[in-house]
Every structure is written in C-alpha cells, then in structure tokens.
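Take a look at the structure below.
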Amino acid sequence: MNKSYVIAFVFAAAVSGWIISGQMGSIADSAEASVAAGAQEVNAVPKAEKVRVRIRALIAEPRSREIVLRGRTKSVRSVEVRAEIAGRVTKVLKAKGAFVNAGDVIAHLDIYDRPQRLKEAKALVRQRHLEHKAAVALSKKGFRAETKLAAATTLLDSAQSHVTRIELEISRTQIRAPFAGIIDSRPVEIGDYLKIGNPIAVIVDQDPYLVVGEVTEREVGHLKVGQQTTASLITGQQVAGKISFIAATADSATRTFRVEVRVPNPKRDLREGVTAEIRIPLAPTPAHFVSPAIMTLNEDGEIGVKIVDGDNIVHFRAATILSDSEKGIWLVGLPSQVRIIVVGQEFVRDGDEVIAVAETEPAS
C-alpha cells in the first residue's frame, strides 16, 4: 500500500477519535450536572414537621371502688300454712299482722269424736297386749304354733298404730306456726270448713332479712360470700350485712347473676319488695384522675387515652372508668407512671413521633 495512504488513514482515525472523545466528555458532564441538579431538587423538598403536643405526667393513686347494684328487699323465708286434716274452724287465736313464735297455735279445728275414738283404741291396745302376752307364754311351752304367736303380734301392732293415727289427727286440729314470724295473711275465720290442703295463714320470717340484686358477668368475679355490704332503701333506711349467696348460673335473659345480702332486722321493721341500692366495697386499686376531655377512641371503638413513651412515640392505651365526679374521672388499666397527651391527642396517631411539651412549659 502507498505510504501516503497509510499516513492519511492514521491521521483520519486520530481526528475521529478526538471528536468522539469530546462528545463523550460533554455527555458525561451533562449527566453529572443532571444528577447534581436532581440532588438539589430532592434536598429542596421540605420534610414533615413533628406535631407538638402537651402532656401531663401522672402517677397512679390507690382508689377505693365499689360495685353498686339496684335491688329490693325480700324475706328470708315465708310459708303458707295449710290444713292437714278436714274440719271446721272453732277458734282463731292470732290476727293478721300478729307476731308468733315457733309452735304458737294460730287456730283450732273441730276435734269431733276423736277423743272417744282414742279411748276405744287404747282399750283395744290393752286387750291385744294381754292376748299377745298369753300367746308368748303358750308358745314357750309348746302349746301354740308360731303362726298363732305371729298373728297375735300383728294384732297388737295394728292396735298401737291406730292409737298413733288418732293422736296425730288430734294434734293436727291445732294449727301451729312452723317458725317465728309475722302473720302476713290469714284467710280463715271461725266457722269456715277446711279441706285437706286449704290455706290457713301465711307466715313471714322477718329476722334476718334479705336485700337481693343482680350483678353483671363482668363484675361477679369481684364478689364472694361473706363480703361486707351496705344498702340504702327508698324509705330512707340504711342497713348493713354480708353477701350470703351468689348465683352460679346467669339469668338467660339479662346475663346477670343473683346476689343475696343478709341483713339483721331485730326491730322487724323491714318490708318485702322495697327498692334498694346495694353498695359493695372492693379493695383499693391503682387509678389515674383525668379530665374526660382527654378521652378518645381507637379504630376498634375502644375508649382510652393517648400517651407518649420515653422516645416521644404515641401509643393508645385502653382504660376503664372506675368512678366519676363533677371535677373529673378515675381511670384504671393504665401503667403506674404515664405521660398522657392532654392537648393535641386528636391530631396524632398510634406510632407517631411527636414533640412532647409539659403542661407547665410555655408554648413556643
């Protein structure tokens, strides 16, 4: 190949390389400029500011609590005394509203000819006893069969049973009180003829008395038999007693459990069916006193408060209202020491980082 051609080719390649290298440099410079400009634009985007909230540091205090039930008074027991034999009423000894002791006679039924029948029955017993005695003696000597002795024994037992039945009938002509109490009703009068099972009187035991209420399934676990209670009656009376019964099964309609409080009634001035408010004190529990204005709801509809931890992160804490007053409410269920958001709780969410400012600090 001609040397001049070679030189020309080399020169042309060098010029082309120089041109290409200049363009690549411009492209690189342009790319670097674009990246720098993009970084400046990113840095120019303003970051979201942290929300400023006011907090109050609280320490739980022991707070006495009580369960309050609506109830009514009820007698411990009442019974309707009924006739155990038929007969006519000959005497009425106790009026309606009278107090009776156990065993007191309320009324008499006609005894009819029962005393004479009893006398005859006892005479027959004496005769059967002699016959039985003779049968035993003869049986021992071998003059009477064992069957004859068994028959004499049966006749004696039958005669004695007859006496017992008549004596029982005579005792039942006297209608007696089964226990001490007040005669709440007495539907019979002298001359009334009673059949077996007819009512004669209703007797109510008034000492002790009961105050009965219903407790919710959430609160029943806090109660136990023997717990001290007080009750305020709508009549203005105040009574104190102990829980004597807690139902093991809830009412199917209300899902509540029956609670009975036994209270002394020595004056016998309590009456059945009076409305009462039962107060059952419980052991003190740690609680926080707050304004109801700081309460809020979470996404599940639970009531509670929003707090901040040591890193100023917001957390929702469910709480239960223990009691309330005109000045505020007592909450249970929070940590012993807690920083509660009192201003701005509606503008932050669970997990947000905030600027926490104590209530005593000035706003900036």
Side-chain angles (χ1 to χ4, degrees), residues 34-70 214-223 227 254-257 277-364:
S34 298
V35 171
Q40 290 177 355
E41 290 179 1
V42 170
N43 292 332
V45 175
K47 296 181 179 179
E49 294 185 1
K50 298 177 184 177
V51 176
R52 184 181 299 271
V53 297
R54 286 193 175 274
I55 62 169
R56 181 185 304 163
L58 294 176
I59 299 176
E61 301 176 30
R63 178 71 177 175
S64 297
R65 58 174 300 197
E66 59 184 13
I67 295 176
V68 181
L69 310 178
R70 299 288 293 179
E214 302 287 333
V215 66
T216 65
E217 54 189 350
R218 179 171 295 181
E219 295 177 326
V220 69
H222 297 293
L223 305 184
Q227 217 164 341
T254 63
R255 305 305 305 165
T256 57
F257 295 81
E277 184 179 73
I278 307 169
R279 293 184 174 274
I280 308 171
L282 303 179
T285 185
H288 297 81
F289 188 72
V290 301
S291 167
I294 73 169
M295 302 294 291
T296 185
L297 298 174
N298 67 0
E299 296 178 353
D300 297 327
E302 292 181 299
I303 189 170
V305 296
K306 288 177 181 176
I307 67 173
V308 292
D309 60 17
D311 297 324
N312 288 339
I313 304 299
V314 176
H315 301 280
F316 175 84
R317 289 289 182 268
T320 302
I321 298 176
L322 177 64
S323 61
D324 59 354
S325 66
E326 294 180 357
K327 296 182 179 180
I329 58 177
W330 288 92
L331 298 180
V332 294
L334 300 177
S336 178
Q337 297 186 14
V338 65
R339 299 195 300 166
I340 298 179
I341 302 176
V342 295
V343 177
Q345 67 272 21
E346 298 300 337
F347 302 102
V348 293
R349 296 177 298 176
D350 203 34
D352 287 351
E353 184 178 0
V354 298
I355 300 173
V357 180
E359 273 188 313
T360 56
E361 295 181 17
S364 58

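Given the structure is predicted, the values throughout are model-derived calculations rather than measurements.
A donor-acceptor pair is defined here as one N or O able to donate and one able to accept, closer than 3.5 Å; no such pair exists between the side chain of D352 and the backbone of V314.
Here D309 pairs with D311, I313, H315 under the side-chain contact (heavy atoms from CB on, under 4.5 Å) rule; sequence neighbours left out. Partners of Q227 by side chain to side chain donor-acceptor pair (under 3.5 Å), not counting sequence neighbours: none found. Under the rule for a side chain to side chain donor-acceptor pair (under 3.5 Å), the partners of E353 that lie at least two apart in sequence or sit in another chain are K50. Applying the side-chain contact (heavy atoms from CB on, under 4.5 Å) rule to F347 yields no partners; only residues at least two apart in sequence or on another chain are considered. Scanning for side chain to side chain donor-acceptor pair (under 3.5 Å) contacts around N298 gives E302, with sequence neighbours left out. With sequence neighbours left out, T216 forms a side-chain contact (heavy atoms from CB on, under 4.5 Å) with R218, E219.
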Give the table of side-chain donor-acceptor pairs shorter than 3.5 Å for residues 317-327, with sequence neighbours excluded, one pair per line with atom names and distance.
from: S325; atom 1: OG; to: K327; atom 2: N; distance (Å): 3.4
from: S325; atom 1: OG; to: G328; atom 2: O; distance (Å): 3.3

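Side-chain contact between I294 and I341: absent, with no pair of heavy atoms (C-beta onward) separated by less than 4.5 Å. When side chains are defined from C-beta on, Q345 does not count as touching V305, because their heavy atoms never get closer than 4.5 Å. Side-chain contact between M295 and L331: present, with at least one pair of heavy atoms (C-beta onward) separated by less than 4.5 Å.
Annotation: the span from I278 atom CD1 to I280 atom CD1 amounts to 6.5 Å, rounded to 0.5 Å. Atom CG of L334 is separated from atom CD1 of I340 by 5.5 Å, given to the nearest 0.5 angstrom.
Of all heavy-atom pairs between A356 and V308, the closest is CB-CG2, 4.3 Å. The shortest non-hydrogen separation linking V332 to A287 is CG1-CB, 3.9 Å.
Screening residues 332-341 for side-chain hydrogen bond (donor to acceptor under 3.5 Å, both in side chains), with sequence neighbours left out, gives N312-R339. Every pair passing side-chain hydrogen bond (donor to acceptor under 3.5 Å, both in side chains) that includes a residue from residues 287-297 is listed here, sequence neighbours excluded: T296-E346. Screening residues 277-292 for salt bridge (charged side-chain N to carboxylate O under 4.0 Å, His left out) gives E66-R279, E277-R279 as the qualifying pairs, with residues at least two apart or on separate chains. Within the structure, ring pair (Phe, Tyr, Trp, His ring centres under 6.0 Å) contacts touching residues 322-344 (residues at least two apart or in different chains) are F289-W330.
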